[in-house]
Amino acid sequence: MSEFMPHLAPVVVLLFLGTVFLLGVSLLVMLFGAVRRSSSLAKLGARLAITIAAGYFTILSGVSFASREEVLRAGGWKYFCEIDCHIAYSLIATEKATTLGPELQQVSARGEFIVVRIKTWFDERTISAHRGNGPLRPNRRRVMLVDAAGRSFEASPEGQTALARLHGDSTPLTQPLRPGESYTTDIVFDIPSSAQGLRLLVTEDDPETRFVIGHENSFLHKKIYFGLDAVRALGSEGFTLPRVLAEQNI
């Protein structure tokens, strides 16, 4: 199962840019009217700006109200548009632990550690005909866990450092990659033991996405999550996710 964010990306991005352009022209007309002391021009520019902004935000709100929440299961991909190509993400493994790190440098969780492994893939089937094979640096991403009560949890710096001492630094989500290439990233969260119904949210971290029609970051729009129903409790051996993944050839 795959989901795209946003849907019809080239259309909604052009609509956003077109709206920004028209708003800019309207404001220039209003400013020109004010400088020339022409009330008619100033009022025309103001009316145009209000009409364009109101129309755009009406469409944005309507699309957001009509959206629905999605939870991707194991093997599902979430695609983000990079204009001339798409970057896809999938949750491929999860682990649960109370401590992380080498035996003599272990760090204890305040609640419990949840470690997720995310696969990033530059889908070569989505590139434009003239793009070529050059590397792409993905846009900034925000990753968090959300529980059934709506609480969100950011990555744990202490847990991430402890995991790095054990297995080395994980590949960052901003690592450039070429068409067809992929890599995995391990992210550590420290969540309360009482948290239930955990879901993983991987989304864009650019402020302008809040104003893009159909984007999950826009006002009142529902999100696309990854389900964490495969989280496994660890035994006494400590954190084992890298070894388990290697054995499964993921």
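In this structure, the side chain of S182 does not engage the main chain of W121 through any donor-acceptor pair within 3.5 Å. Looking at S90, its side chain does come within 3.5 Å of a backbone N or O of G76 through a donor-acceptor pair. A distance-only check finds no donor-acceptor pair linking the side chain of E95 to the backbone of V115 [under 3.5 Å]. No donor-acceptor pair closer than 3.5 Å links the side chain of D123 to the backbone N or O of G180. A donor-acceptor pair under 3.5 Å links the side-chain atoms of R199 to the main chain of D147, judged by distance alone. In this structure a side-chain-to-backbone donor-acceptor pair under 3.5 Å is missing from R165 to G101. Although no hydrogens or angles enter the test, the distance criterion places a donor-acceptor pair under 3.5 Å between the side chain of K78 and the main chain of I224. The main-chain N or O of E208 is never found under 3.5 Å from a side-chain atom of D206 such that the two would form a donor-acceptor pair. In this structure, the side chain of T185 engages the main chain of T171 through a donor-acceptor pair within 3.5 Å. The backbone N or O of D186 lies less than 3.5 Å from a partner atom in the side chain of S170, making a donor-acceptor pair.
Between D169 and A164, the shortest heavy-atom contact is OD1-CB, 3.4 Å. When all heavy atoms of P6 and I213 are compared, the closest pair comes out as CB-O, 4.2 Å. The two residues L177 and T120 have their closest heavy-atom pair at CD1-O, 4.1 Å. Closest non-hydrogen pair, E112 versus K96, comes out as OE1-CD, 3.3 Å. What you find for I52 and S26 is that their closest heavy atoms are CD1-OG, 3.6 Å. In this structure, P138 and P176 approach most closely via the heavy-atom pair CD-CA, 4.3 Å.
F226 does not carry R73 over the face of its six-membered ring by the limits of under 6.0 Å from the centre and within 45° of the normal.
Expressed to the nearest 0.5 Å, how far CG of L23 lies from CE of M30 amounts to 10.5 Å. Taking CG of L200 as the start and CD1 of I187 as the end, the distance is 7.5 Å to the nearest 0.5 Å.
The ring pair (Phe, Tyr, Trp, His ring centres under 6.0 Å) test with F4 is passed by exactly one of Y79, Y89, F80: Y79. When the options E204, E154, E216 are evaluated for a salt bridge (charged side-chain N to carboxylate O under 4.0 Å, His left out) with R142, the one that passes is E154. Results of the side-chain contact (heavy atoms from CB on, under 4.5 Å) test with S67 over H221, H215, H7 single out H221 as the only residue that passes.
In this structure, the side chains of I92 and T184 come closer than 4.5 Å at one or more pairs of heavy atoms. Side-chain contact between F211 and T19 is absent, with no heavy-atom pair separated by less than 4.5 Å.
Hydrophobic clustering (side-chain heavy atoms under 4.5 Å, transitive across Ile, Leu, Val, Met, Phe, Trp, Tyr) keeps V35 apart from V29. Under a hydrophobic-cluster definition in which Ile, Leu, Val, Met, Phe, Trp and Tyr are linked whenever side-chain heavy atoms come within less than 4.5 Å, directly or via other members, I50 and L22 are assigned to different clusters.
Atom NZ of K222 sits in a crowded spot, with more than 12 heavy atoms from other residues, nucleotides or ligands closer than 6.0 Å. Other residues, nucleotides and ligands contribute more than 12 heavy atoms inside 6.0 Å of the CZ atom of R140. Within a 6.0 Å radius of CZ in R110, no more than 12 heavy atoms belonging to other residues, nucleotides or ligands are found.
Between T209 and N217, the side chains place a donor N or O and an acceptor N or O closer than 3.5 Å (distance only, hydrogens not considered).
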Criterion side-chain contact (heavy atoms from CB on, under 4.5 Å) on F57 and F219, from CA distance to verdict: CA-CA 9 Å; F57 281 102; F219 181 62; over 6 Å; no
Take R141 and I87 through the test side-chain contact (heavy atoms from CB on, under 4.5 Å) and record every step on the way to the result. CA-CA 11 Å; R141 306 294 182 218; I87 300 293; 4.1 Å; yes
